Amino acid sequence: MSIGTRLMTFFAGTFVGADEFGNRYYKDPRRSRNNREKRWVLYKGYPEASAVSADWHGWLHHRTQEPPARGAERFEWQTPHKLNATGTSEAYRPPGHALLIGDRPRATGDYEPWSPR
């Protein structure tokens, strides 16, 4: 977090809430150029945008006026929010990926290198 964000949070920020990841959400009720209040998040730990759940994302981008309620009711088809695992050992790797252990089974249309005659 930059020194500017820290100062703005200290002097103008109003705490709105926190999520299950420990991120804290703030707003500045004074209206900006586009006649909206400024909203921002202070991430816990490494600033990763995928750490913001869909509920809080909607509030940050002015899709809803009220911040999400803690422990709000969820539908049975909704899954819990997961962080983006790209670049980690938890990332999805399809069958045949170079980082998977073992040999990849041959497939039809496999690549055959060109060789000059």
Side-chain angles (χ1 to χ4, degrees):
M1 153 178 34
S2 70
I3 188 71
T5 304
R6 288 180 194 214
L7 289 173
M8 185 174 71
T9 303
F10 183 75
F11 288 114
T14 303
F15 180 74
V16 175
D19 63 11
E20 64 269 18
F21 301 114
N23 300 323
R24 297 174 313 209
Y25 298 87
Y26 293 88
K27 69 178 180 177
D28 181 0
R30 298 175 296 176
R31 302 295 178 185
S32 63
R33 276 184 274 157
N34 59 0
N35 205 21
R36 289 181 170 181
E37 65 186 11
K38 187 172 182 84
R39 299 174 177 178
W40 66 96
V41 58
L42 297 182
Y43 297 101
K44 179 179 181 182
Y46 184 75
E48 170 63 40
S50 70
V52 175
S53 67
D55 299 336
W56 281 104
H57 181 273
W59 179 80
L60 279 173
H61 294 277
H62 299 277
R63 300 291 180 243
T64 61
Q65 290 303 315
E66 296 300 318
R70 200 168 223 0
E73 183 180 344
R74 293 205 168 287
F75 296 103
E76 61 187 37
W77 50 264
Q78 289 179 301
T79 58
H81 180 71
K82 295 189 314 187
L83 299 176
N84 184 356
T86 303
T88 68
S89 61
E90 301 295 319
Y92 171 75
R93 295 189 175 114
H97 192 278
L99 294 178
L100 287 179
I101 299 173
D103 291 328
R104 170 178 79 83
R106 288 193 60 80
T108 59
D110 261 359
Y111 172 77
E112 293 184 20
W114 175 80
S115 62
R117 291 186 185 204

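In this text, all values refer to a predicted model and were calculated from it rather than measured experimentally.
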At their closest point, which heavy atom of [X] faces which heavy atom of [Y], and how far apart are they?
| X | Y | result |
| --- | --- | --- |
| Trp59 | Gln65 | NE1-O, 3.6 Å |
| Arg39 | Thr64 | NH1-O, 3.2 Å |
| Leu83 | Ser50 | CD2-O, 3.7 Å |
| Ala51 | Asn23 | O-ND2, 3.1 Å |
| Lys44 | Gly22 | CB-O, 3.6 Å |
| Ala12 | Pro29 | O-CD, 4.4 Å |

Review point. Considering only heavy atoms from C-beta outward, does the side chain of Tyr43 approach that of Val52 to under 4.5 Å?
Key: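 In short, these two side chains touch, coming nearer than 4.5 Å.
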Exercise for review: Give me the ring orientation class for Phe15 and Tyr26: parallel if the planes are under 30° apart, tilted from 30 to 60°, perpendicular past 60°.
Suggested key: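 Plane angle over 60°, so perpendicular.
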Review point. Should the ring pair Trp56 and Tyr25 be called parallel, tilted or perpendicular, given that the plane angle runs from 0 to 90° and is split at 30 and 60?
Key: parallel
Practice item. For Gln78, look at atom CD and say whether over 12 heavy atoms of other residues, nucleotides or ligands are found less than 6.0 Å away. Key: yes
Review point. Any chance the side chains of Thr86 and Asn84 put a donor and an acceptor closer than 3.5 Å?
Key: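 Distance-only check passes for Thr86 and Asn84.
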Exercise for review: Could you tell me whether the side chains of Thr88 and Glu90 share a donor-acceptor contact shorter than 3.5 Å?
Suggested key: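 No, because no side-chain N or O of Thr88 sits under 3.5 Å from a partner of the opposite role on Glu90.
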Practice item. Could you tell me whether a side-chain N or O of His62 sits under 3.5 Å from a main-chain N or O of Glu37, the two making a donor and an acceptor? Key: yes
Check your understanding: Side-chain heavy atoms under 4.5 angstrom apart, residues restricted to Ile, Leu, Val, Met, Phe, Trp, Tyr: same cluster for Leu42 and Phe21?
Key -> no
